[in-house]
Amino acid sequence: MLIMGIETSCDETSVALVKDGKEEILNLVASQMDIHGEFGGVVPELACRRHIEVLNPMIEKALKRGKIKWEDIDAVAVTCGPGLVGALLIGVAVAKALAFSLNIPLIGVNHLEGHIYANMLQEGNIPFPSVVLLVSGGHTSLILVEGHGKYKVLGSTRDDACGEAFDKVARMLNLGYPGGPVIDKISKKGNPKKIPFPRAMMEDKENFDFSFSGLKTSVVYFLRSHKREEFSIEDVAASFQEAVVDVLVEKSIRATKKYKVSHILVGGGVGRNSRLREKLTLRCQKENITLHLPHPKYCTDNAAMIASAGYFLYKRGVVSDFTLDAYPNLTLTQKI
Ligand code: KG4
Ligand code: ZN
């Protein structure tokens, strides 16, 4: 079954063709970093305009590159939430038009479920049960996945998402947008133990919520109370990153113990972070847990993960009709 995936929830326009939910034929991603960079974050109106400009040409490019004809497409899967409402609407409208004109099923996909299914593309399988560490620019959660579509959210962030914290701290350090990749890069030259930034909400071993706003404030106070010549930016970045990573790793391991699970999956843009990948790998080896890390291209937003999640929704009989809308605040367990 060949599914076309469409993703426009934030600042990436992506079109993918995926066979049987596992095999990527192609996965085109057009980043909008060039237009949002100068504003230090995503400007929703600009994101929408760019999606409108590039989505249709990308669909045509996908067919041409994949040597696929319209009639070869068996279904269209599209992100319908959560995300920026205007940006989501563009993908949903185009997907509806395709489904209607080609007379094929339309599958509305929850973006968060897409991040989980990025692991399906990587390994061709998702082990059940697993603990998923979902870490993106908009979300930070630990999820127990017991089967296809069977999710239990164990904990989430109470304030900033961890990707958002990376972006905000990078902005304070004048490192540009998005901040995660730059902090990751310059941290390699810094000392992660130099500044003891706080690790929040660690006392209660059975609490899987996160909080990153206190850490962000600590970085603000540190920068305000020190002269520029008293610290190196690399040390601040590395110490901040270490505080985030320590919490993510420790809480993921604790969740596997509490729920007696031996697999951890990672999803979302922060899953690209090299320190997180390194520390989680070492810790999982020590604890005898199998770690599943998607390729970095499947961590950040892409349509292949949407097509994969869409395939497994279709197999469960979950398809949409033309009343499908954009749901900016959709949660993982909410029915569409
Ligand atoms: O999943 P994603 O592409 O979009 C959302 O669904 O939010 O994640 C984007 C987030 C941004 O906050 C970005 O700074 C962060 O992922 N990110 C990283 C890295 N690469 C991307 N954070 C830390 N280290 C990285 N290498
Ligand atoms: Zn995402």
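Counting starts at 1 for both ligands and their atoms, following the listed order. Count residues from 1 along the sequence.
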Checklist line | Enumerated ligand 1 atoms positioned under 4.0 Å from heavy atoms of T300 | finding: 3 (O)

Check: Can a non-hydrogen atom of H139 be found less than 4.0 Å from any atom of ligand 1?
Finding: no

Notebook entry, point to check: For ligand 1, is P181 a contact, meaning one of its heavy atoms is under 4.0 Å away?
Noted result: yes

Note to self: Show me which atoms of ligand 1 lie under 4.0 Å from any heavy atom of R272.
What the structure shows: 20 (N), 26 (N)

Next item on the list: Take the angle between the ring planes of H292 and H263 and call it parallel below 30°, perpendicular above 60°, tilted in between.
Entry: tilted

Check: Side chains of I59 and I6: does their closest heavy-atom pair fall under 4.5 Å?
Finding: yes

Next item on the list: Would you mind checking if K297 and E24 are paired as a salt bridge, meaning a charged N to carboxylate O distance below 4.0 Å?
Entry: yes

Note to self: If the cut-off is 4.0 Å to any non-hydrogen atom of G163, which atoms of ligand 1 fall inside it?
What the structure shows: 12 (O)

Next item on the list: Not counting sequence neighbours, which residues clear salt bridge (Lys or Arg N to Asp or Glu O under 4.0 Å) with E53? List them please.
Entry: R50

Notebook entry, point to check: Among the heavy atoms of Q241, does any lie under 4.0 Å from an atom of ligand 1?
Noted result: no

Item checked: Check ion pair E146-K152 (N to O, under 4.0 angstrom) -> no

Notebook entry, point to check: In terms of hydrophobic clusters joined by side-chain contacts under 4.5 Å, are Y314 and I104 together?
Noted result: no

Check: If we only count N/O pairs under 3.5 Å, is G180 in contact with ligand 1?
Finding: yes

List the atom pairs, donor and acceptor, that lie under 3.5 Å between side-chain atoms in residues 76-89 and the rest of the protein, sequence neighbours left out.
unit_1: T79; atom_1: OG1; unit_2: E7; atom_2: OE1; d: 2.6

Notebook entry, point to check: Can you list the ligand 1 atoms lying under 4.0 Å from a non-hydrogen atom of G137?
Noted result: 5 (C), 7 (O), 8 (O), 9 (C), 10 (C), 12 (O)

Margin query: Check this for me: does any side-chain nitrogen of one of E250 and R254 sit under 4.0 Å from a carboxylate oxygen of the other?
Written below: yes

Next item on the list: Have a look at ligand 1 and work out which part of D301, if any, has a heavy atom under 4.0 Å from it: side chain, backbone, both or neither.
Entry: both

Margin query: Give me the residue, atom name and distance of the protein heavy atom closest to atom 13 (C) of ligand 1.
Written below: D167 OD1, 3.8 Å

Note to self: Under 4.5 Å between side-chain heavy atoms, counting indirect links through other Ile/Leu/Val/Met/Phe/Trp/Tyr residues: same cluster for V236 and F166 or not?
What the structure shows: yes

Next item on the list: Sort and list the pairs that fulfil salt bridge (charged side-chain N to carboxylate O under 4.0 Å, His left out) and have at least one residue in residues 93-121, not counting sequence neighbours.
Entry: E113-R316

Item checked: Any N or O of P178 closer than 3.5 Å to N or O of ligand 1 -> no

Item checked: Ion pair D160/K216, N-O distance below 4.0 Å -> yes

Item checked: the Zn ion (ligand 2): protein N, O or S atoms [distance under 2.8 Å] -> H111 NE2, H115 NE2, D301 OD1

Item checked: Ionic contact status for E242 with K279, cut-off 4.0 Å -> yes

Checklist line | Side chain, backbone, both or neither: D184 near ligand 1, heavy atoms under 4.0 Å | finding: side chain

